[in-house]
Chemist: 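The structure under discussion is supplied below as structure tokens; questions concerning it will follow.
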Amino acid sequence: MNKQDFYIGKAFDAYTYFGAHPTADGVVFRTYAPQAQKIAVIGDFTDWHEEEMTQDGLSGIWSLLNGNAKVGQKYKYVVYGANGRVEHCDPYGFGMELRPDFASVIRDLSFEFSDEEWMKKRSRNFGDPMNIYEIHFGSWKHKTDAKDGWYEYDELADDLIEYCHRHHFTHVEFMPLNEYPFDGSWGYQSTGYFSPTSRYGTARQLQTLIDRLHKANIGAIIDFVPAHFATDSYGLKRFDGSELYEYPASDVGNSEWGTCNFIYSRYEVCSFLQSAANYWLTEYHFDGIRMDAVSRLIYWMGDENRGVNPRSIEFIKRMNAGLHELHPTTMLIAEDSTAYPNVTKTVDQDGLGFDYKWDLGWMNDTLDYIMKTSEERKNLSERLTFSMYYYYNERYLLPLSHDEVVHGKRTIVDKIYGNYEEKFAQARVLYMYMMMHPGKKLNFMGNEIGMFREWDEEKEPDWFLLKYPMHDSFNKYMQELGRIYTSTPQLYEWDDDNQGFEWLTINENGNNVFGIKRSCGEGKPVAALFNFSDQKVHHHDKDKWVVTLNSDWEEFSGSTKRPPADINVPSTDGFDLAPFSALYLVME
């Protein structure tokens with residue numbers, strides 16, 4: 001690490017200097033605490049007696065070489081500052097104990113990846129399909145003989161790979177895997193920005209998981225939280241006795257979650273955060289970072305009325321530009337609910353430098369539409385059409401994420417208006433609409449089996465539902481949609497080109513029928529018709545289309561008999577659409 005780069009906010013490799021690093025002579029410990037009066041290391045190798053660190057002049061950098069320390073041993077920093085004697089975990093520690101304990105753990109990050117083929121062909125997927133499966137690692141599947149039911153990182157690899165292949169998911173997005181104290185925060189309130197959570201094993205086991213995903217042609221995205229951190233006394237809060245990482249002012253000190261807000265006007269903090277982002281990409285070969293709560297970085301406290309935060313905008317641009325320079329094929333994804341412009345423009349084009357932005361407007365409008373009755377929908381067509389007015393302003397990703405199936409919001413299928421059968425019929429229409437709409441796709445675990453119970457981090461999805469025909473057939477339908485999407489260039493190659501999208505029909509005569517046509521550079525167009533009404537509707541169309549998927553086929557628990565496979569009769573006068581149904585069409 002270049003120390004000057006660290007002080008001016010340009011370091012991306014601070015973790016290679018700070019933290020606990022094994023050497024031939026022992027382990028070197030380094031930490032940054034400019035306002036500390038004294039710092040000591042305690043650990044397994046000191047019998048938990050204090051061994052003082054030495055500050056390099058007035059640099060704020062404290063260090064210690066201990067010849068007895070070994071990989072796998074635990075340690076803490078004892079910091080003497082304005083708030084007295086406080087024991088802290090290592091801000092740059094590569095491992096931590098399981099809550100409620102908080103000692104850092106010495107880790108050896110060396111790992112021989114065998115994913116060279118994947119890394120050579122990896123891209124940011126602009127013209128490729130991206131069907132993301134968002135999971136919470138600890139609750140995707142439970143292990144019956146484990147105390148908390150948790151699998152270790154590498155133990156889950158086989159099941160996860162098989163499941164992604166079966167459903168045609170191209171990437172897995174993991175909710176935060178950094179260390180965190182409260183299970184119910186799901187990792188979004190961190191105490192260990194460089195520590196893979198010990199709930200599921202060690203750094204090496206996580207490296208093994210990602211390596212195996214890559215060899216199975218599955219990408220891996222990790223959630224990263226650059227806006228705020230947990231307030232636990234042993235973490236980053238008042239690390240050196242002062243507000244080193246957080247804003248000191250009471251009006252911006254704490255976020256809406258009761259956490260501490262990072263202060264971006266301190267360049268050492270910027271170096272810390274962008275080094276953490278680089279760490280996950282470099283040491284674990286993650287293919288993308290989804291940055292949480294970007295609106296809280298753009299605006300003060302996420303409040304547009306308070307105005308833009310110029311220091312955090314500067315930080316985002318510097319971090320994203322630097323990460324792209326270091327990792328040209330890695331994706332940077334913004335979870336941003338604002339209308340702030342140029343989020344996915346490059347920094348040299350005066351953008352924020354992200355590759356994708358979650359289209360939360362599409363998500364909210366679409367879910368609002370399907371919650372309404374068939375009669376109410378007749379006057380709400382703009383809920384489905386509005387996204388295409390702004391779509392080409394950014395590069396978007398369509399999310400139906402964990403945020404939409406918790407906290408009393410109800411699950412996706414349960415939000416839909418109607419009885420049990422009607423909910424599933426409309427869910428099938430909804431997901432075909434999602435696959436036909438421009439933009440990469442993201443679904444949270446459980447969506448693909450039509451869960452009615454909201455997600456709970458202590459319980460795995462209700463896999464037993466697959467014993468019931470309605471849920472099993474819905475799951476098979478989702479698999480078929482995934483296959484069609486990932487194998488049909490018309491549905492992803494021209495996502496960012498307005499020539500790739502056309503409305504065939506929009507709520508014609510107030511009948512709640514919509515049609516979308518998608519095209520790309522080669523091959524004939526494909527299309528889909530969506531009947532969001534509870535009535536059978538006939539749609540006239542002069543083009544000759546062949547139905548290759550009907551959401552109302554009996555095999556998907558619908559009422560329409562599927563024609564024999566060898567009969568592909570193109571339409572001559574349009575189509576009859578059953579109530580709450582969708583047709584996927586290929587031009588003859």
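Just so you know, residue 1 is the first one in the sequence shown, and it goes up from there.
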Chemist: Search all heavy atoms of Gly72 against all heavy atoms of Val105 and return the closest pair with its distance.
Modeler: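 Smallest heavy-atom distance, with atoms named: O-CG1, 3.8 Å.
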Chemist: Checking Tyr433 side chain against Leu384 main chain: does a donor-acceptor pair fall under 3.5 Å?
Modeler: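 At least one qualifying donor-acceptor pair exists.
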Chemist: Please confirm whether the ring centroid of Phe229 lies under 6.0 Å from the ring centroid of Phe262.
Modeler: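 Yes; Phe262 has its ring centre under 6.0 Å from that of Phe229.
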Chemist: For Phe224, does its backbone N or O pair with a side-chain atom of Arg290 as donor and acceptor, under 3.5 Å?
Modeler: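 Looks like no, no N/O pair under 3.5 Å.
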Chemist: Do Phe174 and His136 have their ring centres less than 6.0 Å from each other?
Modeler: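 No: the rings miss the under 6.0 Å criterion.
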Chemist: Return yes if some donor-acceptor pair links the side-chain N/O of Arg377 with the main-chain N/O of Ser533 below 3.5 Å, else return no.
Modeler: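 Judged by distance alone, no pair lies under 3.5 Å.
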Chemist: Please identify each residue that fulfils side chain to side chain contact (heavy atoms under 4.5 Å, CB included) with Tyr420, with sequence neighbours left out.
Modeler: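 Expected list: Phe424, Phe452, Met470, His471.
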Chemist: Does a salt bridge link Lys120 with Glu117, judged by any charged N lying under 4.0 Å from a carboxylate O?
Modeler: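 No, no charged N to carboxylate O under 4.0 Å.
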Chemist: I'd like a table of donor-acceptor pairs (distance under 3.5 Å, sequence neighbours excluded) in which one partner is a side-chain atom from residues 127-135, with atom names and distances.
Modeler:
| from | atom 1 | to | atom 2 | distance (Å) |
| --- | --- | --- | --- | --- |
| Asp128 | OD2 | Ser123 | OG | 3.4 |
| Asn131 | ND2 | His168 | O | 3.1 |
| Tyr133 | OH | Trp140 | NE1 | 2.9 |
| Tyr133 | OH | Glu448 | OE2 | 2.7 |
| Glu134 | OE1 | His402 | N | 3.0 |
| Glu134 | OE2 | His402 | ND1 | 2.7 |

Chemist: Keeping to residues at least two apart or across chains, list the side chain to side chain donor-acceptor pair (under 3.5 Å) pairs with something in residues 408-419.
Modeler: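 Every candidate side chain to side chain donor-acceptor pair (under 3.5 Å) pair involving residues 408-419 fails, so no pair, neighbours aside, qualifies.
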Chemist: Under 6.0 Å between ring centres: does that hold for Tyr356 and Trp358?
Modeler: no
Chemist: Going by the rule side chain to side chain contact (heavy atoms under 4.5 Å, CB included), which residues pair with Lys467 if we only count those two or more places apart in sequence or in a different chain?
Modeler: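 Result, side chain to side chain contact (heavy atoms under 4.5 Å, CB included) vs Lys467: none returned.
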Chemist: Quick test of your reading of the model: are Lys440 and Asp495 salt-bridged, counting only N-O distances below 4.0 Å?
Modeler: yes
Chemist: Is Arg99 paired with Asp183 through a side-chain N to carboxylate O contact shorter than 4.0 Å?
Modeler: yes
Chemist: Determine whether the side chains of Asn550 and Lys561 contain a donor N or O and an acceptor N or O closer than 3.5 Å.
Modeler: no
Chemist: In terms of ring plane angle, is the pair Phe113 and Phe111 parallel, tilted or perpendicular, where the classes change at 30° and 60°?
Modeler: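 The rings of Phe113 and Phe111 stand perpendicular, inter-plane angle above 60°.
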Chemist: Got a salt bridge between Asp368 and Arg383, using NZ or NE/NH1/NH2 to carboxylate O under 4.0 Å?
Modeler: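 Yes, Asp368 and Arg383 are salt-bridged.
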Chemist: Tell me, with the steps shown, if Asp211 and Gln207 meet side-chain hydrogen bond (donor to acceptor under 3.5 Å, both in side chains).
Modeler: CA-CA 6 Å; Asp211 194 42; Gln207 290 168 321; over 6 Å; no
Chemist: Does the distance from a Lys or Arg side-chain N to an Asp or Glu carboxylate O, for Lys143 and Glu155, drop under 4.0 Å?
Modeler: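 Salt bridge between Lys143 and Glu155, a charged N being under 4.0 Å from a carboxylate O: yes.
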Chemist: Under 3.5 Å, is there a donor on one side chain and an acceptor on the other for Tyr477 and Tyr431?
Modeler: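 No pair is found: no donor N or O on one side chain lies under 3.5 Å from an acceptor on the other.
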Chemist: Hey, would you say the Phe532 and Phe580 ring centroids sit under 6.0 Å apart?
Modeler: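 So the answer is no for these two rings.
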Chemist: Parallel under 30°, tilted from 30 to 60°, perpendicular over 60°: which one fits the rings of Tyr468 and Phe464?
Modeler: perpendicular
Chemist: Does a side-chain N-to-carboxylate-O contact under 4.0 Å join Arg562 and Glu555?
Modeler: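 Result for this pair is yes, salt bridge flagged.
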Chemist: Grab the two heavy atoms, one from Arg518 and one from Met436, that are nearest each other, plus how far apart they are.
Modeler: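 The pair with the smallest heavy-atom distance is NH1-O, 2.8 Å.
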Chemist: According to salt bridge (Lys or Arg N to Asp or Glu O under 4.0 Å), does anything in residues 189-198 pair up with another residue at least two apart or in another chain? List the pairs.
Modeler: none
Chemist: Can you name the side-chain hydrogen bond (donor to acceptor under 3.5 Å, both in side chains) partners of Arg212, sequence neighbours left out?
Modeler: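 Arg212 satisfies side-chain hydrogen bond (donor to acceptor under 3.5 Å, both in side chains) with Asp158 once adjacent residues are dropped.
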Chemist: State whether the side chain of Trp362 and the backbone N or O of Met434 hold a donor-acceptor pair below 3.5 Å, judged by distance alone.
Modeler: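 Such a contact is absent between Trp362 side chain and Met434 backbone.
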